[in-house]
Amino acid sequence: IAMPGRLATQKRILDLRAQLRMAILDNKPQAERDALMTRIAADEVAHMKGRNTCAEALRMILTVEQFAELKRLYLAGLR
């Protein structure tokens, strides 16, 4: 999934999690909650596959040193 697709998937996951939260709090039928959980899980897998594909593409494009710097900057941004 390219970056815009990954961002859309992330937003959909957040929306689905909010729906699940309310379904739990509102005591919706278990089948409805299970369906939301299944959709969240599928979207999470798609998102992680997209991240993996992106990282693999960057490893093919960048030098080892460039990728190491990108990784350092990425990890610094998570803090």
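Below, all heavy atoms of this structure are taken into account, side chains as well, without hydrogens, waters or symmetry copies.
Taking NZ from Lys49 and OG1 from Thr53, the interatomic distance works out to 9.0 Å, rounded to the nearest 0.5 Å. Distance CG/Leu20 to CG/Asp15: 12.5 Å, rounded to 0.5 Å. In this structure, CZ on Arg12 lies 4.0 Å from CG on Asp43, to the nearest 0.5 angstrom. For the atom pair CZ of Arg51 and OG1 of Thr9, the computed distance is 11.0 Å after rounding to the nearest 0.5 Å. Between the CZ atom in Arg33 and the CG atom in Asp26 there is a gap of 9.5 Å [rounded to 0.5 Å]. Residue Gln19 holds its CD atom at 8.0 Å from CD1 of Ile40, rounded to the nearest 0.5 Å.
Nearest heavy-atom pair across Leu62 and Leu70 is CD1-CD2, 3.9 Å. Ala23 approaches Glu32 most closely through the heavy-atom pair CB-OE2, 4.4 Å. For the residue pair Arg6 and Gly50, the shortest heavy atom distance occurs at CD-C, 3.6 Å.
At a threshold of 4.5 Å between non-hydrogen side-chain atoms, the residues Leu7 and Lys11 do not count as touching.
The pair Arg17-Glu44 counts as a salt bridge, with a side-chain nitrogen and a carboxylate oxygen less than 4.0 angstrom apart.
With Arg39 contributing its side chain and Leu16 its backbone, the two residues share no donor-acceptor pair below 3.5 Å.
Met37 and Ile24 fall within the same hydrophobic cluster, where Ile, Leu, Val, Met, Phe, Trp and Tyr residues are linked whenever their side-chain heavy atoms come under 4.5 Å apart, directly or through other members.
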